[in-house]
A.B. asks: 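Dropping a structure here in structure tokens format, bear with me for questions.
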Amino acid sequence: MKKILIIQTAFLGDVVLATGLVEKLHARYPQAQLDFLLRKGNESLLKGHPLLHQVLVWNKQEGKYKSLLQLLAQIRKEKYDLVVNLQRFGATGLLTALSGAGETVGFDKNPFSRFFTRRYPHDVESGTHEIERNHLLIASLTDHQPAKPKLYPAAQDFEKVQGLKQAPFICMAPTSVWFTKQYPLEQWVTLINSIGGEYTVYLLGSPADKAHCDEIMAGSTHQRIENLCGQLNLLQSAALMRDAVLNYVNDSGPMHLASALDAPTCAIYCSTVPRFGFGPLASFAVVVEREEPLYCRPCGLHGYKSCPEGHFKCARDIRNEQLLDVLLSVRK
């Protein structure tokens with residue numbers, strides 16, 4: 001294997017989890033050129049990645065099919081020995097099938113998988129983690145032990161956040177793309193107000209999350225809290241999370257950032273459940289969820305813009321003490 005391409009054009013967290021394949025393939029084929037294809041908006045995750053030769057970007061805003069054809073020409077020119085497609089939708093399946101690669105592998109849910117050299121099932125009900133499902137695609141080329149995801153913030157990323165680490169601190173990422181995966185705003189306020197004054201609390205997110213976190217701050221009585229939404233890029237956020245006493249996150253992208261830096265994690269699960277296979281992977285990682293079963297939970301793989309039942313009990317019934325207990329346990 002001299003040239004290998006990994007394709008994952010889904011969400012931020014999916015890209016992070018796919019980096020386990022980069023680690024594994026590099027360990028097995030240290031001299032091989034490893035490339036990665038993702039969609040525009042996620043490329044900063046892999047900036048300066050020491051194991052990757054190049055990052056290809058699918059820019060749908062330029063025109064979905066125009067950009068796809070440009071990528072296809074670029075991929076065919078590279079003459080890859082292996083293309084590993086983790087995405088389960090048709091566009092990337094077409095790229096894979098027409099790549100001209102010596103070997104192509106992906107999941108059988110991809111509509112073009114019949115044209116791949118090998119295809120495997122992707123079962124979110126099996127209880128296996130996504131890194132295990134991803135690893136299944138390359139197990140015959142490596143071994144049967146999946147690698148954890150890993151990101152590589154640069155020295156400049158760590159320098160950017162070094163001044164924020166002067167005292168013990170806790171990071172919180174209160175938002176999610178999906179409303180029903182997002183712990184309610186007023187409950188974040190309750191959590192912050194019950195955390196001891198010895199901790200600085202940093203709120204993390206994108207520029208679009210700033211208003212939401214401003215509202216959390218407005219309701220808080222904590223004396224040491226700062227809204228960093230939009231001030232740090234993804235790798236800088238990860239560099240900060242690595243040294244936090246604890247990171248409180250939803251079942252969303254920041255949880256996977258924490259996993260990739262082995263940062264202590266408290267993952268709050270509302271409408272989704274860990275058995276879907278996207279749970280935290282850090283050495284210290286605790287999932288907090290409603291203690292009693294709920295007839296409507298889980299309501300979907302990704303969540304919804306509002307609670308389908310109107311009560312949102314999967315989130316509202318999580319007790320603040322559950323979250324504080326995780327902080328106590330990480331300090332022991």
A.B. asks: Only one of Leu37, Asp35, Leu34 forms a side chain to side chain contact (heavy atoms under 4.5 Å, CB included) with Gln54, so which one is it?
C.D. replies: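 Going through Leu37, Asp35, Leu34 one by one, the side chain to side chain contact (heavy atoms under 4.5 Å, CB included) with Gln54 is satisfied by Asp35 alone.
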A.B. asks: Of all the heavy-atom pairs spanning Thr128 and Asp123, show the shortest one and how long it is.
C.D. replies: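 Scanning both residues completely, I find the closest heavy atoms to be OG1-O, 4.2 Å.
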A.B. asks: Check the surroundings of atom NZ in Lys47: do more than 12 heavy atoms from other residues, nucleotides or ligands lie under 6.0 Å from it?
C.D. replies: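 Counting other residues, nucleotides and ligands, NZ of Lys47 stays at 12 neighbours or fewer.
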A.B. asks: Can you establish whether the number of heavy atoms outside Glu198 located under 6.0 Å from its atom CD is more than 12?
C.D. replies: yes
A.B. asks: Can you see whether Glu103 engages Tyr80 through a side-chain donor-acceptor pair at a distance of less than 3.5 angstrom?
C.D. replies: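 Glu103 vs Tyr80: no donor-acceptor pair found between side chains.
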A.B. asks: Do the ring centers of Tyr183 and Tyr248 come within less than 6.0 Å of each other?
C.D. replies: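 Tyr183 vs Tyr248: aromatic centres not under 6.0 Å.
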A.B. asks: Taking atom types as modelled and ignoring hydrogens, do the side chains of Asp262 and Ser283 form a donor-acceptor contact shorter than 3.5 angstrom?
C.D. replies: yes
A.B. asks: Should the ring pair Phe11 and Trp178 be called parallel, tilted or perpendicular, given that the plane angle runs from 0 to 90° and is split at 30 and 60?
C.D. replies: perpendicular
A.B. asks: For Asp209 and Cys229, indicate whether the former's side chain and the latter's backbone hold a donor-acceptor pair under 3.5 Å.
C.D. replies: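 Between the backbone of Cys229 and the side chain of Asp209 there is no qualifying donor-acceptor contact (under 3.5 Å).
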A.B. asks: Passes salt bridge (charged side-chain N to carboxylate O under 4.0 Å, His left out), Lys24 versus Asp143? Steps please.
C.D. replies: CA-CA 9 Å; Lys24 202 71 183 182; Asp143 57 35; 2.9 Å; yes
A.B. asks: State, to 0.1 Å, how close His122 and Asp108 come at their nearest heavy-atom pair, and which atoms those are.
C.D. replies: N-OD1, 4.0 Å
A.B. asks: May I ask you to establish whether Arg133 and Phe278 are in a cation-pi arrangement, using a distance under 6.0 Å from NZ or CZ to the six-membered ring centre and at most 45° from the ring axis?
C.D. replies: yes
A.B. asks: Quick check: is Val124 connected to Tyr120 through a chain of hydrophobic side chains (ILVMFWY, heavy atoms under 4.5 Å apart)?
C.D. replies: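 In one cluster: no.
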A.B. asks: Is the closest basic N to carboxylate O distance between Lys210 and Glu215 below 4.0 Å?
C.D. replies: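 No, this pair does not count.
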A.B. asks: Are Leu328 and Ile192 joined in one hydrophobic group, where the rule is that I, L, V, M, F, W and Y side chains link up if heavy atoms are under 4.5 Å apart?
C.D. replies: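 Hydrophobic grouping puts Leu328 apart from Ile192.
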A.B. asks: Nearest 0.5 Å, what's the CG-CG distance between Leu324 and Leu191?
C.D. replies: 6.0 Å
A.B. asks: Are any side-chain N or O atoms of Thr9 and backbone N or O atoms of Leu38, one a donor and one an acceptor, separated by less than 3.5 Å?
C.D. replies: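 No.
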A.B. asks: Can you name the nearest heavy-atom pair linking Cys314 to Arg290, along with the distance?
C.D. replies: O-CB, 3.9 Å
A.B. asks: Backbone N or O of Phe89 within a donor-acceptor pair of the Thr92 side chain at under 3.5 Å?
C.D. replies: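 Between the backbone of Phe89 and the side chain of Thr92 there is a qualifying donor-acceptor contact (under 3.5 Å).
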A.B. asks: Looking at every non-hydrogen atom in both residues, tell me the closest pair between Ser99 and Thr104 and how far apart they are.
C.D. replies: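 That would be OG-CG2, 3.7 Å.
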A.B. asks: With Lys160, which of Leu232, Leu235, Leu240 fulfils side chain to side chain contact (heavy atoms under 4.5 Å, CB included)?
C.D. replies: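 Option passing the side chain to side chain contact (heavy atoms under 4.5 Å, CB included) with Lys160: Leu232.
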A.B. asks: Answer yes or no: are there more than 12 heavy-atom neighbours, outside Glu292 itself, under 6.0 Å from its atom CD?
C.D. replies: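 Result for CD/Glu292: open.
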A.B. asks: Which heavy-atom pair separates Ile75 from Leu56 by the least distance, and what is that distance?
C.D. replies: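 It is CG1-CD1, 4.1 Å.
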A.B. asks: Could you walk me through whether Tyr269 and Asn250 pass the side chain to side chain donor-acceptor pair (under 3.5 Å) test, one step at a time?
C.D. replies: CA-CA 6 Å; Tyr269 273 71; Asn250 298 299; over 6 Å; no
A.B. asks: Do Glu291 and Arg319 meet the salt-bridge criterion of a basic N to acidic O distance under 4.0 Å?
C.D. replies: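 Salt bridge between Arg319 and Glu291, a charged N being under 4.0 Å from a carboxylate O: yes.
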A.B. asks: Inspect the surroundings of CD in Glu321 and state if more than 12 heavy atoms from other residues, nucleotides or ligands are less than 6.0 Å away.
C.D. replies: yes
A.B. asks: Within the 3.5 Å criterion, strictly below it, is a donor on Thr190 or Asn193 matched to an acceptor on the partner's side chain?
C.D. replies: no
A.B. asks: Is it true that a side-chain atom of Gln31 and a backbone atom of Lys2 form a donor plus acceptor pair closer than 3.5 Å?
C.D. replies: no
A.B. asks: Could you pull out the closest heavy-atom pair between Leu52 and Val22, with the gap in Å?
C.D. replies: CD2-CG1, 4.0 Å
A.B. asks: Going by atom types alone, do Thr180 and Ser271 pair a side-chain donor with an acceptor below 3.5 Å?
C.D. replies: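 Yes - a donor-acceptor pair under 3.5 Å links their side chains.
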A.B. asks: Cluster question for you: counting only ILVMFWY and a side-chain heavy-atom cut-off of under 4.5 Å, with indirect links fine, are Val189 and Ile268 together?
C.D. replies: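 Hydrophobic grouping puts Val189 with Ile268.
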